[in-house]
Asker: 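Please see the structure below; I have some questions.
First the proteins, then the strands, lettered A, B, ... as listed; each starts at 1. These numbers come from a predicted model, not from an experiment.
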There are 2 protein chains.
Amino acid sequence: MDAISDEAGAKRARGLDRAFEILDFLRQKRQALKPNEIAAQIGAPRSSVYELVNLLLRNGILEFSGGEGRVYLGRKLYFLGAAYENHFDFTRECEAALDWLADETRETAQFCMLDGNKYTVVRMREGARPFRISTDIGQSVPIPWTASGRLLVAHMSDEEILAFIPPQDFRLPDGKWLDSAQFLAEVRRADADGFFTFNSIVDSFTHCFAVPVMGEEGHAAATLCLVAPRADGLANRERYLDCLKAAAARLGQAPTGAKRVLA
Amino acid sequence: MDAISDEAGAKRARGLDRAFEILDFLRQKRQALKPNEIAAQIGAPRSSVYELVNLLLRNGILEFSGGEGRVYLGRKLYFLGAAYENHFDFTRECEAALDWLADETRETAQFCMLDGNKYTVVRMREGARPFRISTDIGQSVPIPWTASGRLLVAHMSDEEILAFIPPQDFRLPDGKWLDSAQFLAEVRRADADGFFTFNSIVDSFTHCFAVPVMGEEGHAAATLCLVAPRADGLANRERYLDCLKAAAARLGQAPTGAKRVLA
DNA sequence: CGTCTTTGTCCAATATAATGTACATATGAT
DNA sequence: ATCATATGTACATTATATTGGACAAAGACG
């Protein structure tokens, strides 16, 4: 499934990799599945999947859900995820930033990150527009399809970027292929400018704005984005960018392990 | 680590179990650790831990954090946890219920679940009291120490319960041992009553109220709790219980007929 | 009634993952 | 300098985890 992992030769897969492949698959499907279905759809031996599923069930990583022996992601994952969220503590400030952005611009505001070699929307505020413009939260989207994508890979070299992004992800939703050289050029420009904007590739009526949120490694750990109707986006371009930059500046470069003890 | 799994004989541990042991350990420690430290503290071979950590890093399950090669839970776990939360979608209603409870009673309100064979507070609203009564969110607490614990294991047989709860968890914070027979009797009473209340075992000045939130399997999937000063709790006992039951009824699964929370 | 598909369990074979050990480097104490 | 500790890497060994395939029960369908 992942372009990173298995190739051609029918090698044995490591249990851990298979396990996380199962978890990712369930997340992508967003529904409980029978072990059999999982095995068939990810192309793994049934016996292996059954064994792994049982193991994960015992650990609380998976849970029975939906009856008929179907399984889905388990409570333990929720706890682990909550611990992550708590540790890096971007959530609260993130929500505040999105609220402020949505309030200030009336457009859809998003907080986005990389999930492996895909782009994903982590949090979102719907704008006050009469029509909804939204990618679903948690869905994996090819990096080249998004404005944020340019910023999220900007710390890599050209070679690293091309090795990182699956080649098929340069195929746009309309079937056309995005030239990788053009993409790389846009990455470099975005990095130099500190933002990236374009008419959305995914639809034909929105303009997207993205600015980086700097993490502790000194590069973009996430992005803040606005998705606006095209005319509107072009008309308010400077103001929107200023809003985004202000919000990102407040969010970024948080003190590393900052633990706040509340009184 | 888990009382369930390995004991005695120095057997080889399975990679997956070790991996999740590492994840749980990091969650418990709530800080980034070096692989070396992890290995030493969980009593695992260093070479194994190094291999697993690298594997988990490649999968985004762990991340470098805090420098010096330290690692902590990774973003992928956040995504998986978010998918779980989204699927079972208890969060939004849960927050509303806690808000309502805190508003109605002015006491600390908690939403609690089992994490493996421990009790844990998943969400909480601080009460309006001048002093704080709080278990930290996400901390694992022995089941017998809590009022909720009685309800969360009530669907098991006596034997299952005793096999499920680690024996040392019957040792209370003050060093005394809780008689398991007494605990089982309390479990049965709580199940019959549809609630459990007692003077906290953990401290000496609070009274705890717990009611079950019924899940799709027909037993308590979680609990709603109030933690009140003793005098206050006793004075408002009936009203607090009514509030809790009302909130839990709205939260829980519509009873399918088998088991029923008595009003 | 057969026949096919779906689902789950069981088991032997072997590729390999977990481990112990040795090695390399840095840091700090004496 | 010398010793001790902490940290990370490399590799051979062997216990075992992964896998394919056999087996069986339970529909679905004609």
Side-chain angles (χ1 to χ4, degrees), chain A residues 1-2 4-26 29 31-59 61-72 74 217 256-257, chain B residues 1-2 4-26 29 31-59 61-72 74 217:
Chain A
M1 187 107 268
D2 280 348
I4 296 177
S5 49
D6 53 349
E7 305 299 332
K11 301 273 295 179
R12 272 195 186 186
R14 185 183 275 238
L16 254 178
D17 289 327
R18 249 330 167 223
F20 287 116
E21 194 181 351
I22 291 172
L23 298 184
D24 262 342
F25 183 69
L26 287 172
K29 283 291 185 183
Q31 59 175 330
L33 256 31
K34 297 183 196 177
N36 223 15
E37 301 172 311
I38 298 174
Q41 298 187 48
I42 69 175
R46 294 193 311 132
S47 45
S48 303
V49 173
Y50 272 101
E51 156 142 7
L52 287 172
V53 163
N54 283 326
L55 219 124
L56 294 171
L57 282 170
R58 275 211 301 280
N59 277 302
I61 307 294
L62 289 180
E63 285 176 14
F64 284 113
S65 168
E68 306 273 321
R70 272 179 278 261
V71 296
Y72 193 66
E217 293 99 352
T256 49
Chain B
M1 187 106 266
D2 281 347
I4 297 176
S5 51
D6 55 344
E7 293 304 327
K11 301 272 296 178
R12 272 194 185 189
R14 184 184 270 240
L16 256 178
D17 289 327
R18 271 269 141 79
F20 287 117
E21 194 181 351
I22 291 173
L23 298 184
D24 262 342
F25 183 69
L26 287 172
K29 283 292 186 183
Q31 59 175 329
L33 257 30
K34 298 183 195 177
N36 222 14
E37 301 173 309
I38 298 174
Q41 298 188 49
I42 69 175
R46 292 194 313 132
S47 45
S48 302
V49 173
Y50 272 102
E51 158 145 6
L52 286 171
V53 164
N54 283 325
L55 217 109
L56 295 170
L57 283 169
R58 273 210 303 280
N59 277 303
I61 307 293
L62 289 180
E63 284 176 14
F64 285 113
S65 168
E68 307 271 320
R70 272 178 278 260
V71 296
Y72 194 66
E217 293 99 353

Asker: Please report the interatomic distance CG(A/L26) to CD1(A/I61), rounded to the nearest 0.5 Å.
Answerer: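 With rounding to 0.5 Å, CG (A/L26) is 12.5 Å from CD1 (A/I61).
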Asker: Please report the distance, rounded to the nearest Å, between CZ in B/R70 and P in D/dA6.
Answerer: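 Those two atoms, CZ and P, are 15 Å apart.
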Asker: Can you tell me the distance, in whole Å, between the CZ atom of A/F64 and the C1' atom of C/dG8?
Answerer: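 Distance check: A/F64 CZ to C/dG8 C1' gives 11 Å.
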Asker: Under the rule for ring pair (Phe, Tyr, Trp, His ring centres under 6.0 Å), what residues qualify as partners of B/F20, not counting sequence neighbours?
Answerer: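 Ring pair (Phe, Tyr, Trp, His ring centres under 6.0 Å) list for B/F20, sorted by chain: empty.
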Asker: Between C/dA17, C/dG8, D/dG8, which nucleotide gets closest to the side-chain atoms of B/Y50?
Answerer: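 The answer is D/dG8.
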Asker: Pair up each side-chain donor or acceptor in residues 44-53 of chain A with any protein partner under 3.5 Å, not counting sequence neighbours, and list the distances.
Answerer:
residue: A/R46; atom: NH1; partner: A/N36; partner atom: OD1; Å: 3.3
residue: A/E51; atom: OE2; partner: B/R14; partner atom: NH1; Å: 2.9
residue: A/E51; atom: OE2; partner: B/R14; partner atom: NH2; Å: 2.3

Asker: Taking for each residue the nucleotide of DNA chain C bearing the nearest heavy atom, is the 5' side occupied by A/N36 or by A/L16?
Answerer: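 First, find each residue's nearest nucleotide; the 5'-ward one identifies A/N36.
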Asker: Would you say B/V71 and B/I22 make side-chain contact, with heavy atoms under 4.5 Å?
Answerer: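 The answer is no; the side chains never approach within 4.5 Å.
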Asker: Restricting to pairs with a member in residues 61-72 of chain B, which pass side chain to side chain donor-acceptor pair (under 3.5 Å), not counting sequence neighbours?
Answerer: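 For residues 61-72 of chain B, and leaving out neighbouring residues, there are no side chain to side chain donor-acceptor pair (under 3.5 Å) pairs at all.
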Asker: Rounded to the nearest Å, what distance is computed from the CG atom of residue B/L52 to the P atom of nucleotide D/dG8?
Answerer: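 That distance rounds to 15 Å.
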Asker: Contact class for A/E68 vs. all strands (heavy atom < 4.0 Å): base, sugar-phosphate, or nothing?
Answerer: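 Here A/E68 touches the backbone only, sparing every base.
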Asker: Distance check: side-chain N/O of B/R46 vs OP1/OP2 of C/dA18, anything under 4.0 Å?
Answerer: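 No, B/R46 has no side-chain N/O under 4.0 Å of OP1/OP2 on C/dA18.
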Asker: Would you say that A/L62 contacts A/L23 through its side chain, given a criterion of any heavy-atom pair below 4.5 Å between the two side chains?
Answerer: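 Contact flag for A/L62/A/L23 side chains = yes.
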Asker: Quick check on the helix from C/dC1-D/dG30 to C/dT30-D/dA1: what's the angle between its two end axes, five base pairs per end, to the nearest 10°?
Answerer: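 That helix has its two terminal axes inclined by roughly 30°.
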Asker: Taking side chain to side chain donor-acceptor pair (under 3.5 Å) as the definition, give me every residue that meets it alongside A/D17, ordered by chain and number, with sequence neighbours left out.
Answerer: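 Applying side chain to side chain donor-acceptor pair (under 3.5 Å) to A/D17 gives B/N59.
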Asker: Looking only at heavy atoms, which two atoms of B/G69 and B/P35 are closest? And how far apart?
Answerer: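 Heavy atoms of B/G69 and B/P35 come nearest at O-CD, 3.5 Å.
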Asker: In whole Å, I'd like the distance from the NZ atom of B/K34 to the P atom of D/dT7.
Answerer: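 From B/K34 NZ to D/dT7 P: 4 Å.
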Asker: Using whole Å, what does the distance between atom C1' of nucleotide D/dT7 and atom CD of B/Q41 come to?
Answerer: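 Answer to the nearest Å: 15 Å.
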Asker: Find every protein N or O atom lying less than 3.5 Å from an N or O atom of nucleotides 11-14 of chain D, and list the pairs.
Answerer:
residue: D/dT14; atom: O2; partner: B/R12; partner atom: NH2; Å: 2.9

Asker: Starting at the 5' end of DNA chain C and moving along, which residue's nearest nucleotide shows up first, B/S48 or A/N54?
Answerer: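 So the residue in question is A/N54.
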Asker: Tell me: CG of B/L55 to P of D/dA17, nearest whole Å?
Answerer: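 Spelled out: CG on B/L55 to P on D/dA17 is 16 Å.
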Asker: So, taking the atom named CG in B/L16 and the one named CZ in A/R58, what distance separates them when rounded to the nearest 0.5 Å?
Answerer: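 Between B/L16 CG and A/R58 CZ, I get 10.0 Å after rounding to 0.5 Å.
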Asker: Figure out the CD/C1' separation between A/E51 and C/dT9, and round it to whole Å.
Answerer: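 In whole Å, C/dT9 C1' lies 12 Å from A/E51 CD.
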Asker: What is the separation between atom CD1 on B/I38 and atom P on D/dA6, rounded to the nearest whole Å?
Answerer: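 My rounded result for the distance is 16 Å.
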